[in-house]
Every structure is written in C-alpha cells, then in structure tokens.
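Comments concern the structure below.
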2 protein chains.
Amino acid sequence: MAQQSDPRQNSMLAALPLDEYQRLAPLLEPVELKLGASLAESGETMRYVYFPTDAIVSLLCVMEDGDSTEIAVVGAEGVVGISLFMGGETTPSRAIVQSAGSAYRLSGPLVKAEFYRAGPLQDLLLRYTQALITQMAQTAVCNRHHSLDQQLCRWLLLSLDRLPTNELRMTQELIANMLGVRREGVTESAGKLQRAGLIAYHRGRITILDRPGLEARVCECYAIVKKEYDRLMTYRRPPRDRGIG
Amino acid sequence: MAQQSDPRQNSMLAALPLDEYQRLAPLLEPVELKLGASLAESGETMRYVYFPTDAIVSLLCVMEDGDSTEIAVVGAEGVVGISLFMGGETTPSRAIVQSAGSAYRLSGPLVKAEFYRAGPLQDLLLRYTQALITQMAQTAVCNRHHSLDQQLCRWLLLSLDRLPTNELRMTQELIANMLGVRREGVTESAGKLQRAGLIAYHRGRITILDRPGLEARVCECYAIVKKEYDRLMTYRRPPRDRGIG
DNA sequence: AACGCTATGTTCGTCAGCGCACAGTGAGTG
DNA sequence: CACTCACTGTGCGCTGACGAACATAGCGTT
C-alpha cells in the first residue's frame with residue numbers, strides 16, 4: 001500500500017501527451033499483481049485493462065488437454081486486455097502474472113470511452129496491438145523452426161527486457177508450461193546455459209550472468225520482435241490528413 | 001475484365017450498413033489476384049488493403065534462412081493489410097495469394113480516412129483484427145502441440161471454408177511451405193487422408209471427398225478459430241454510450 | 001535433527017519429423 | 001511423339017523432443 005509505482009513507468013502511459021495523461025491519471029487504479037494471478041480467462045469477459053509498471057504478464061493459449069503455450073509476454077512496455085478496445089470483450093486465451101509487481105488498471109467502459117476519443121491513446125493502443133501481433137507471429141514460427149535451446153534464450157531475454165534486475169524468479173516447471181515443452185527439456189537446456197556460464201540457476205531463481213552470451217545464442221526471432229516494438233512504439237504518427245506516408 | 005465479382009461477396013463489405021457501403025463502393029478498385037502474387041513483403045510499406053471476394057491469401061512469416069510458416073489465412077471473410085489502419089504501415093510478414101481470385105482494394109490513405117470516421121467500418125476492422133489474432137495464437141499452439149496429420153486437416157478445412165468449391169489447387173510442396181514442414185511429410189500425411197478416402201490428390205489438385213471425415217480428424221484448433229470468427233463477426237456492437245456490456 | 005515438499009538433474013526407450021537420395025508418373029511442350 | 005519438368009511417392013539413417021521413472025538436493029517445518 002505504502003509505496004506505489006509511478007504510472008508512467010508504463011511506456012504506454014509515459015508516451016501520452018501531458019494533458020492526456022493528466023486527464024487519465026485520476027482514473028487509473030493501482031493494483032498489485034501477484035505471481036500466478038489470472039487477469040483473464042479464456043472466454044470470460046474482461047473487466048479491466050492493465051498497464052503493468054514492473055510486473056510481467058504472460059498470454060497463454062490453453063488447450064483442452066491442459067497443454068498450454070505462451071503466445072506473448074507483456075510488461076511495462078504494454079497493456080493487457082486488448083480485446084476490450086478491439087471490440088471482442090473476450091479472448092480465447094489466458095493472462096497470467098509471470099512476475100509479481102505493480103500495475104494500473106482502467107475499467108472496460110472507461111478504456112472504451114478513451115479509445116473512442118480517437119486521440120493519442122487510441123493511436124498508442126493500436127500500435128501496441130500491432131507489435132503484439134508481431135510477437136505472436138514470431139512465436140508461431142519460432143515454435144516451428146527453432147530448437148528448445150534457442151527458444152529458452154528468447155524467453156529469458158524477453159523476460160529480462162521487462163525486469164529491472166538480472167534475476168528472475170521462475171521454476172523450470174513454469175518455464176516449461178510457458179514454452180509448451182517438457183520440464184526435463186528445460187532442465188537440459190538450462191543446464192547447457194549454466195555450464196556455459198551464461199546463467200546461474202538455483203531453486204526458482206535464475207540469475208543472468210552473461211547477457212551478450214544469451215544474445216549470441218538466441219534465434220533471430222528475438223531481435224525481430226524487439227525491433228518491431230521499437231519501431232512501432234517510438235514512431236510518431238503523422239497528422240491524419242497528410243495523405244500517403 | 002468482363003465479369004467482376006460483387007464486392008459484397010466479401011463479408012466485411014457485406015456487413016456494412018447500406019449507406020456506408022454506398023459511400024465506399026465507388027472507392028473500391030477491383031483487382032485480380034494471381035496465384036503466388038505478393039500483396040505485402042516484409043518491411044515494405046503497403047499501399048492498399050485488399051478485400052478478397054473469392055481469392056485466398058496467406059500471411060507468412062519468413063525467416064533469414066528462407067524457412068517460412070503461415071501464421072494466418074484470409075479469404076472473403078476478411079481483409080489483408082491491417083497494418084495500414086493499425087498504424088504501423090508495414091509488417092514483418094508476407095502476404096501471398098494462395099488461391100487465385102478477385103478482390104477489391106482500397107488505398108492506404110482512403111482506408112485510414114474511413115477508419116478514423118470511427119463508424120461501422122472501424123468496428124468491423126477491429127473485430128476482424130481480433131479474430132485474426134486468435135487465428136495466429138491458435139496457429140502457434142498448433143505448431144507446438146499437434147501432429148502434422150492434424151495440422152494438414154486444419155489447413156485443408158481453413159482453405160475449404162474460404163472456397164466455393166470442394167477442390168483446391170495446391171501442390172504438396174506449397175502446402176509444406178505454408179505449414180513450415182517438409183514436402184515429404186505432407187506427402188505422407190496426405191497419403192493417409194487419401195487412403196482413408198477423405199481426399200483425392202492429383203498433381204496440384206486436391207478434391208475433398210469427405211469433409212466430416214476431415215473434421216473428425218482435425219484438432220480442436222480449427223473449431224476454436226472458427227467459433228471465434230463467428231462470434232466476433234456476427235455480434236453487433238452495442239451503442240458506445242451504453243456502459244458495461 | 002528428522003521429515004517432507006519442491007526443485008533440479010539424469011536415464012532410457014520411443015517416435016515424429018528432418019534431410020537426403022532416388023524412383024515413378026502425368027502433363028504440357030517443342 | 002518423345003522429352004522434359006513438375007509433382008508425388010518411398011526408403012533410408014538421424015536427431016530432438018517426448019513420456020515415464022527415478023535420484024539428488026535444498027529449504028522450511030516441526
């Protein structure tokens with residue numbers, strides 16, 4: 001309760017012009033996101049969109065037999081709950097807190113009202129959605145074509161980018177759930193990284209020792225996604241009447 | 001040139017209120033989409049959005065080494081080029097005509113202008129985008145968890161849904177490219193379906209003989225995606241000021 | 001200090017899909 | 001009408017991931 005994070009630690013909120021932000025700020029409700037908490041269940045109507053400030057949320061696609069796969073990860077660069085402003089209200093996927101932390105939330109009706117003002121927030125939300133689409137597409141290819149070793153590196157780097165520290169709390173079991181693979185497979189791949197001196201693993205705590213080393217092992221997917229986020233979230237939209245860009 | 005398809009064969013255009021459609025109709029430019037033609041290349045700015053009337057377009061994610069994977073397929077139910085109204089202008093994926101046919105296109109500036117009217121078209125485009133996201137997410141899980149046999153069934157059904165006939169022109173080589181697998185693998189899986197009497201394969205022509213048979217073999221992914229399209233594209237948006245839905 | 005639970009490490013047989021090489025076979029072309 | 005090329009079918013050995021079973025080890029609890 002005591003210390004609340006600054007909403008503008010979230011990149012979306014930070015990117016708003018000051019007047020827009022000031023109008024929005026009183027509507028933002030701080031929430032603590034606990035590890036493993038569910039922000040969205042398949043098919044259930046979402047009540048809020050969440051702007052993480054330092055939490056990380058995984059979007060998972062869960063199947064009938066319980067197998068799941070992470071299709072995207074959201075941190076302080078984005079927002080959870082795009083189906084609210086996209087018009088569908090629900091999605092067939094789950095949103096689970098992968099790393100505990102803080103967020104600010106905005107109720108569905110409010111975010112829709114803001115979205116329909118067609119101002120900077122709409123623009124940001126749509127661009128972010130496109131970046132998310134890229135992440136999902138790249139995840140699909142990566143699942144198909146790359147080794148578990150590479151995918152683990154990708155996953156570690158994606159998480160690392162969204163964390164203030166170089167330590168993440170996450171068991172191999174959970175990582176396996178995210179990646180949609182066996183726990184033993186993660187043990188093996190993580191073992192390789194550990195023996196190579198890139199990470200130190202200890203009972204649910206992973207410390208990244210050599211980030212460049214991870215970047216050297218990761219597949220292209222990581223860079224593609226990251227580059228697309230940078231492009232989409234820093235580019236300033238030209239005025240709407242400017243014609244062909 | 002002679003016979004042009006009715007633009008309203010495209011579900012998006014058909015779903016527009018008549019007055020909206022009539023305003024839009026003169027702006028729509030008929031185009032023939034030839035097999036293998038590219039509507040979008042990775043990183044290149046798109047000039048048009050395309051509303052297929054009877055063509056099918058594959059969205060592919062291509063990697064450095066040339067390997068590719070289809071991340072979604074678009075037919076008369078949708079539109080190609082969402083990055084134009086989402087704000088990114090480009091995507092890191094390719095759009096390739098998978099089945100020749102007709103489409104209507106709308107230039108980037110025009111579609112943006114229409115989108116920003118915040119009318120029924122915007123609503124449709126956003127809902128469609130969400131459905132597309134679902135398709136991509138489900139493709140990612142399917143790539144991870146399901147056998148090639150099942151994925152081939154899914155692919156055939158997705159194509160079939162977007163075709164007026166029960167015959168599709170597509171070599172096993174091309175299907176393999178779409179699914180991101182080996183050609184031999186497709187030969188083997190298609191052989192099983194053929195021996196089971198579900199399809200007849202003959203030099204680039206696939207005839208579906210037993211659709212229910214395919215549906216019995218396909219994984220859940222097909223139904224999930226289809227259901228979500230139905231839900232999103234038939235649901236009518238409540239008025240914007242109605243509060244919590 | 002003993003216990004129990006959770007997390008990690010290891011092994012082994014199995015199998016789907018890969019990469020490669022090559023054999024048929026139809027369809028269109030000169 | 002023969003040729004060629006594209007498409008399909010098949011047979012290897014190989015490998016990465018799977019599933020199951022089990023061993024070890026840290027950490028908190030009592």
Side-chain angles (χ1 to χ4, degrees), chain A residues 35-36 63 65-70 98 139-156 167-196 198-207 217 219, chain B residues 35-36 63 65-70 98 139-156 167-196 198-207 217 219:
Chain A
L35 181 64
M63 310 209 316
D65 64 4
D67 277 357
S68 64
T69 301
E70 183 182 86
Q98 174 203 309
T139 303
V141 213
C142 200
N143 282 356
R144 169 69 73 200
H145 290 289
H146 296 141
S147 70
L148 179 47
D149 286 17
Q150 290 183 303
Q151 292 181 42
L152 179 60
C153 288
R154 176 173 62 81
W155 192 89
L156 288 172
E167 180 185 294
L168 52 157
R169 299 190 173 204
M170 178 68 47
T171 66
Q172 298 183 349
E173 178 81 41
L174 287 176
I175 296 180
N177 281 157
M178 302 286 182
L179 293 177
V181 298
R182 284 183 321 149
R183 198 268 314 164
E184 294 92 323
V186 174
T187 299
E188 203 164 325
S189 286
K192 287 185 204 170
L193 297 181
Q194 192 151 215
R195 283 189 290 278
L198 305 181
I199 64 173
Y201 220 114
H202 185 65
R203 294 188 71 73
R205 276 187 167 72
I206 314 172
T207 310
R217 292 192 173 218
C219 50
Chain B
L35 181 64
M63 310 206 319
D65 64 5
D67 279 355
S68 64
T69 300
E70 183 182 86
Q98 174 204 311
T139 302
V141 212
C142 200
N143 282 356
R144 167 71 72 200
H145 290 289
H146 296 141
S147 69
L148 179 46
D149 287 17
Q150 292 183 303
Q151 292 181 43
L152 178 60
C153 288
R154 176 174 62 83
W155 192 89
L156 288 172
E167 180 185 294
L168 53 157
R169 299 191 173 204
M170 178 68 45
T171 65
Q172 300 184 346
E173 177 81 40
L174 287 176
I175 296 180
N177 280 156
M178 302 287 182
L179 293 178
V181 298
R182 283 182 323 149
R183 198 266 315 161
E184 295 91 323
V186 174
T187 299
E188 201 164 326
S189 286
K192 287 184 205 170
L193 297 181
Q194 191 151 215
R195 284 189 290 278
L198 305 181
I199 65 171
Y201 218 114
H202 185 64
R203 295 189 71 71
R205 277 188 167 72
I206 313 173
T207 310
R217 294 193 172 217
C219 50

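Note that these values count all heavy atoms, side chains included, but never hydrogens, waters or copies made by symmetry. The chains referred to below are lettered A, B, ... by the order of the sequence lines, with proteins before strands, and numbering in each begins at 1.
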Rounded to whole angstrom units, what separation is found between the [atom1] atom of [X] and the [atom2] atom of [N]?
X: A/Asp65; N: D/dC18; atom1: CG; atom2: P; answer: 13 Å
X: A/Leu174; N: C/dT6; atom1: CG; atom2: C1'; answer: 12 Å
X: B/His146; N: C/dG17; atom1: NE2; atom2: P; answer: 12 Å
X: A/Arg205; N: D/dA25; atom1: CZ; atom2: P; answer: 21 Å
X: A/Glu188; N: D/dG19; atom1: CD; atom2: P; answer: 15 Å
X: A/Tyr201; N: D/dG26; atom1: OH; atom2: C1'; answer: 15 Å
X: A/His145; N: D/dG16; atom1: NE2; atom2: P; answer: 17 Å
X: B/Arg183; N: C/dC22; atom1: CZ; atom2: P; answer: 15 Å

[X] side-chain proximity, nearest of [options]:
X: B/Arg195; options: C/dT8, C/dT10, D/dT10; value: D/dT10
X: B/Thr171; options: C/dG9, D/dC7, C/dG19; value: D/dC7
X: B/Arg182; options: D/dG9, C/dC20, D/dC18; value: C/dC20
X: A/His202; options: C/dT8, D/dG26, D/dG9; value: D/dG26
X: A/Leu148; options: C/dG9, C/dC18, D/dA17; value: D/dA17

Quiz item: Donor-acceptor pair, A/Glu167 side chain versus A/Arg205 backbone, under 3.5 Å?
Solution: no
Practice problem: Output yes when a side-chain donor or acceptor of A/Arg144 lies under 3.5 Å from a complementary backbone atom of B/Leu179, and no otherwise. | Solution: yes
Contact class for [X] (heavy atom, under 4.0 Å): base, sugar-phosphate, or nothing?
X: A/Gln151; answer: nothing
X: B/Gly185; answer: nothing
X: A/Thr187; answer: base
X: B/Glu184; answer: base

Quiz prompt | Whichever of B/Val181 and A/Gln172 has its nearest DNA chain C nucleotide further upstream toward 5' | solution =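 Nearer the 5' end of the strand: A/Gln172.
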Practice problem: Look at the side chain of B/Arg203 and the base of D/dA6, then say whether one donor and one acceptor between them are separated by less than 3.5 Å. | Solution: yes
Exercise. Check the surroundings of atom CD in B/Glu188: do more than 12 heavy atoms from other residues, nucleotides or ligands lie under 6.0 Å from it?
Key: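 Open: at most 12 neighbouring heavy atoms sit under 6.0 Å from CD of B/Glu188.
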Quiz item: Is the number of heavy atoms from other residues, nucleotides or ligands within 6.0 Å of CD (B/Gln194) greater than 12?
Solution: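 More than 12 within 6.0 Å, yes.
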Exercise. Considering non-hydrogen atoms only, spot the tightest contact between B/Gln151 and B/Cys142 and give its length.
Key: NE2-O, 3.1 Å
